[in-house]
Each structure stands twice: as structure tokens, then as C-alpha cells.
Amino acid sequence: MKMSQVFSRTLREVPVGAESLGYGYLVRAGFIRQLGAGIFSLLPLGLRSIRKIEGIIRDEMEKIGGQEILMPVVNPADIWKETGRFYSIDREMSRFQDRVGRDMVLAMTHEECVTDIARFEIDSYKRLPQLVYQLQTKWRDDPRPRAGLIRVREFTMKDSYSFDRDYEGLKKQYLAHYHAYFRIFDRCALPSIAVGSDSGMMGGKIAHEYMYLSPIGEDTIITCAKCGYTANRQIATFVKEHTSEAELPLEEKFTPNCATIEELAEFLSIPKTKTAKALFMMGTFVDSTSGEEVQKLIVGIVRGDLDIEENKLQNAAKANALRPAHADEIKAAGMEPGFGSPIGCAKDVLVLVDDSVAHANNLVAGANKVDYHFLNTNFGRDYTGEVVDIASAVAGHLCSVCKNPLTQSKGIEIGNIFQLGTRYSESMNCMYQDEGGVRKPVVMGSYGIGVGRLLACLAEEYHDESGLQLPISAAPYQVHLVSLIKDTAIAEQVYKQLEDAGIEVLYDDRKESAGVKFADADLIGIPIRITLGNRSLKEGKVELKLRANPLEIHQIKLEDLTKDVHKIIADLQRAIHDSMYEREVGDEI
RNA sequence: CGGGGCGUUGCCUAGUGGCUAAGGCGCUUGCUUUGGGAGCAAGAAAUCGGAGGUUCGAGUCCUCUCGCCCCGACCA
């Protein structure tokens, strides 16, 4: 490609709003342009990178038996009503009516659609297992798009769906994805880890997220350095140590100006572990067949030194959504904000008690009266509720597997895999007959990768102060040919020679100064740069530099150019391949 | 959805009630230059996000509204 003809141009300055460096470079280098909040166009350079990444994904999906399909973005709402997600998913899914008033949705994922297809195609165990995948546009009306391509509303997703006769089969396909995903990220040269995760709106039980660790990430990952336990904080567990002592009588105590646990512990001169705190949330519960919504007050109780993990709370409550409860809603249920506890609360309140509290004695808790607390509250004696795990794991807590102190880090979710089970096949009647003629629900899995987000993460990982340095597997071109000579005939010839040899070349044929050309080459960051200048050409040579290693200059004879470039490309590709490694995966997945 | 910030030419900015809205980059034309964002000269390009209001006079003040960004809520 001749640079004089490239549709996009480069920008000298970072446009306003580009906070993260990688995003700023993707815009400056002309890979992407923003149309609206969380809505981007891919320009030729950006699309070439995306196509490279998609190529890797396709390759790895085919290797594990995936067959590519393409499902529609617009779905009739009927199938979403069948699974209940038409009602349970909030405004993140956009809905509209067609010309005759039928409910339609913009599918934000395709379990419903693919299950609808599968219930037609699959009727016998002989037609299982199956694996289909697609690369398709998703629209998710995210309330908070941010950081360029990291979190957008419209994006391309690779989603695959597996169908098996039983959980053994599902486990196989899940494991195949587990490895394939690592191979995909490795081939893109993006460092990644897999963490245990919440299944969220997908349903099902077992799920993993793939994370690119980055300080700009929005997810918190809890890790044990000793045994290798990793999990999203949303579900991470930890050891809650407790001692038991004889129960003491309940006692009301005047505790002025003690609305927080810190103030209370200081006022009473007790450790925070001897207190219990309450979090009041209003939960929305949706009937998945009628779509009827019910609101219910939820009280979460956790030991004073811990915090409540809202995701765990929502799961424990089996609520579709949570929001902080208003003061009047709390009071209406017989409790007092700031001095609240479930002691004496209304019957219809859902009380969820963390095991840290359920297994402790004589905790100080709110007396549901301003400026008063109870001393010596005991779960079971003074109040009841469901015992659950709703506490948030933080660095320093002990690993629930090996009791080693946990650490935490920030990550960006680049992919996820879910064992769906029969959640969709049962609600949509996707059945097969086994050898004995017994009808059984197909066992499903669902697996996603955000393609644009992957590129965004690569831009975060690979850049310096001059621009991008994308790895050769994801860079839009392999070679950037910078011509500084007046004689265009020679440059054209070198360009043609490289292209004819099957090398992807971006040829800077513009009538610009050397400085401009070099600056743009650095910005776009094609891995290999070849400079045609009078200095070297006098000796029949050209200069070659690697973007990642700008200090090392190679002088290459013109007649060896194609051969040498092929070798360097192969070396760069091999370096990525050599850094891949097989990860140990046990049966615990 | 709550809190905060910002909308001035293609991009980045200046402009705190007063003359024809200023500069840098980019763009066009000409000449010069050609190994790290060149020089000189001449140009084009802005209904100052939109609507309403206050005022003799509004980019500037007020109200409403739209958009974008950040923090939070949220989120596969």
C-alpha cells in the first residue's frame, strides 16, 4: 500500500478525551475514529490489524472443531421471552418494534438464536457433539463506555457455542476452549491469565475469564502466589478465621456519633472484628415466565472488618438487580440506617448473613435506633437469616485453598468461557434422543472474545513514547518502506519486489521530509522498517530497523533484501511462537 | 442514573461583556529545502454545539437542551 493513498491520516496531537496511551496512539496513527460514545469506526490500518487477530481466532477455533456461522444482529423478541432474558436483562439490551409492532431486540449475545437453530438441527445423539462460532457485531448499550476500544457499546465479538449430550462432553469442549484461548492470546503476543469468574447473566455454574493485567483494568483479580488460585473478586473466596466464646446477654448501649464501624470500634475500644455491619439493598426479582418485577429489601450482614461484595450478594439473593436502598425503605422495614441490624426487622426482608458473622459470637450491631447499638448480638439467638458468603476478598486475606496471603491486581477482561449446562436447552426445548430413545436436553457451553478490546489491549501493552509497536501477528503491515530518495523508480522497484515476494508493505512514497516520514513510521509502528536513502544506496544497500529495537541498524544488500526480510519476519513470528507455553490445567476446571 | 469537567476552523489551544474572534499544527498555491515532525511568501477555512433570555452590545452572563470525557453506580 502506498502511503500517499492511505485513507486515514496521522495526527500530531492527542485528541481531547484520549486518556489511555494506547487509545491515543490508535487514534493518532489512524487506526480508529470515534463516532459517538462507545462507537468507533475502524479505518484501513485498524481493520487490517483486526483482520489479523480474527484470522488467528478463526484458525484456533477451526483447530478445535469450530464451524463458522453468522447469526443475525436483530432477533425477534420471542426467543428471548422463552428464556426469560427479555425480562431479566435491563436496558443494556436495546429493543424496538418492527413495522407491525412485533417486539425485536438487538442481540447482545446469541444463546437464544443458536439454541433456536440447534433445536431444529439436532435431534439425535448421533449429531453431537457440535461447535459453532461467529465473528459478529454486538450492540450492548453499556451505561459507561470508556477508554477508547476497551469498553464500547458496539464491537465485534467472537462467540462460540458448544453442544454435547452430557457434561463429560461439555467439559471436553470447555477444556479445548480453555487452551485455544491461551493460544489465541499468545499468538497475538498478549499476556493473559485465566481466572475463575461469575457467570452473571449467562447462567450456568462454571466460568472463567481471561484477563490482561493492566492498571487501567476495571476488574479486580485475587491471586494466590503459592497455590495458583485466581478468581475475579466478584466470586473470590478466602478464609474467615473466627473464634467462639460463650454467648453473653444482649445489651443496648448508647453510642453517640457512631454511624460508621470505625467510629463505633473506637468509641467502644474494640476491634472491628467484634462488630457486624449491615448493607441495605433493594433487589429486583423478575419472574422469568411472566416478566413481572418484584422489589424486595435485602439486608447483607458482614463482620465489621470486611466489606460486602455486591456481586456475591446479588447471587446469594438470586436477584436480577440491586440498588442501594433509600432511607425511608429501610425505616419502613423497621431498621435504622447507620444503626441498622436485622434484629426486630420486618418479616418480608431477605436477610443474608455472611459466615464470618454467623460463626462469631457477641458482635456489636445496630440497635435500629439512632445513636444506639446492641452489644453481644448472636446469630441464631437474636436474629436469623440465610448463611452465605458475601464478603469481599482483598489482598492480605488468606487463600481458601492453601491459607497463603492473597494478592490483588487489576485486569481487563478479554475473553470468557461459560459452562451453560441445560439452562437454554431446557427453556427452549432443545432436545436430543439417546440410544435408548430417551429425550434429553442438549448440554451447552458459550465462549466469547472481544476482538476490538484485544487490539486495544495490545496497544496498551505495545507502545513507547513515539507510538505503537504492535507484534507482527497483529500489525497492519509487516514492513514499512520509507523512501528518502528522489529517484522514485528505485523505490517503486524495491516496493514491487517486496510485494511480489508476498510481503505486506506500507510504502511511504509521500513528498514529505524525512522527519515526517520517520515520525509517522514510529507512530504506526510497523515491526520492520526499511529506509531507502542515498547514504546506503551508494553501496547498494538499504537500512533495516526493528520498531521494537530502534538502536540496532542492519545494512542489507539490495539483492538480499527479499530473502533477508522473509527471514526476519519468520524470526519475529518464531519469537512469538517460542514464548507460547502449554499451561497446566487440572481436572478442577 | 448521581457527581465533576469540557464543547471556539480538520486537530490542539487563546480569548472573564466592547472595534473585523487570535495563534500553532494541518490544508491550498508558488519558490527554496530533502536522513528525525524544514524555510519564506500568499491564501482558504469558524453562524464560537443548539435554543431561548439578560444587555445599547454576548464566544464571554442566565435558563433550558444536545454531545463528549472523567469519577461512581453499572457491566460478560
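Convention: sequence-line order gives letters A, B, ...; per-chain numbering from 1.
The interatomic distance linking Leu484(A) (CG) with U33(B) (P) rounds to 17 Å, in whole Å. When rounded to the nearest whole Å, the span between CD of Glu309(A) and P of C75(B) equals 11 Å. The NZ-P distance, from Lys511(A) to U29(B), rounds to 12 Å in whole Å. Put simply, CZ on Arg153(A) is 19 Å from P on C74(B), counting in whole angstrom units. At whole-Å resolution of the value, CG in Asp219(A) and P in A73(B) are 12 Å apart. Counting to the nearest Å, the C1' atom of C11(B) and the CZ atom of Arg9(A) are 7 Å from each other. Here the C1' atom of nucleotide C11(B) and the CZ atom of Arg33(A) are 10 Å apart, to the nearest Å.
Comparing the same atom, P, in A58(B) and in A51(B) gives a spacing of 14 Å after rounding to whole Å. Comparing C75(B) with G17(B), their C1' atoms sit 46 Å apart, to the nearest whole Å. The separation of G49(B) from C68(B), taken at their P atoms, amounts to 16 Å, rounded to a whole angstrom.
No contact: Lys538(A) has no heavy atom under 4.0 Å from any strand. Using a 4.0 Å heavy-atom criterion, one finds that Val14(A) contacts the sugar-phosphate atoms exclusively. At the heavy-atom level, Ala147(A) lies under 4.0 Å from the strands shown only through sugar-phosphate atoms. Among the atoms of the strands shown, base atoms are found under 4.0 Å from some heavy atom of Gly533(A). Backbone-only engagement by Ala514(A) is indicated by non-hydrogen atom pairs under 4.0 Å involving sugar-phosphate atoms exclusively. Among the protein residues, Gly415(A) comes within range of no part of the nucleic acid, since none of its heavy atoms lies under 4.0 Å from any strand. Residue contacts for Leu11(A): at a heavy-atom cut-off of 4.0 Å it reaches no nucleic acid atom on any strand shown. Residue contacts for Arg510(A): at a heavy-atom cut-off of 4.0 Å it reaches no nucleic acid atom on any strand shown. Contact annotation for Asp520(A): base contact, defined as any heavy-atom pair under 4.0 Å involving a base atom. Here Phe155(A) lies in heavy-atom contact (under 4.0 Å) with a base.
Shown here, A38(B) forms a base pair with U32(B); the pair counts as Watson-Crick or G-U wobble because both key distances fall under 3.5 Å.
Not a single donor-acceptor contact under 3.5 angstrom links the side-chain atoms of Arg28(A) to the base of C11(B). Between the base of G35(B) and the side chain of Glu543(A) there is a donor-acceptor pair shorter than 3.5 Å.
Each of His110(A), Gln419(A), Glu111(A), His177(A) was compared with Ser446(A) under the side chain to side chain donor-acceptor pair (under 3.5 Å) criterion, and only Glu111(A) meets it. When each of Tyr174(A), Phe418(A), Tyr178(A), Tyr161(A) is paired with Tyr447(A), the side chain to side chain contact (heavy atoms under 4.5 Å, CB included) condition holds for Tyr174(A) and for no other. For the side chain to side chain contact (heavy atoms under 4.5 Å, CB included) test with Val494(A), the passing option among Val505(A), Leu532(A), Leu537(A) is Leu532(A); the others fail.
Of the side-chain N and O atoms in Gln34(A), one or more sit less than 4.0 angstrom from OP1 or OP2 of C69(B). Here Arg91(A) reaches the OP1 or OP2 of C1(B): one of its side-chain N or O atoms lies under 4.0 Å away. Checking the phosphate oxygens (OP1, OP2) of C68(B), no side-chain nitrogen or oxygen of Arg146(A) falls inside 4.0 Å. Here Arg144(A) reaches the OP1 or OP2 of C71(B): one of its side-chain N or O atoms lies under 4.0 Å away.
Picking from C68(B), G37(B), A73(B) the nucleotide with the shortest atom distance to the side chain of Glu310(A) gives A73(B). The side chain of Glu218(A) approaches C74(B) more closely than any other nucleotide in the set A38(B), G35(B), C74(B).
Side chain of Tyr133(A) to backbone of Gly448(A): no donor-acceptor contact under 3.5 angstrom is found.
For the residue pair Asp164(A) and Gln173(A), a side-chain donor N or O sits within less than 3.5 Å of a side-chain acceptor on the partner.
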Evaluation steps, salt bridge (Lys or Arg N to Asp or Glu O under 4.0 Å), between Asp464(A) and Arg547(A): CA-CA 10 Å; Asp464(A) 62 9; Arg547(A) 177 65 180 86; 2.8 Å; yes
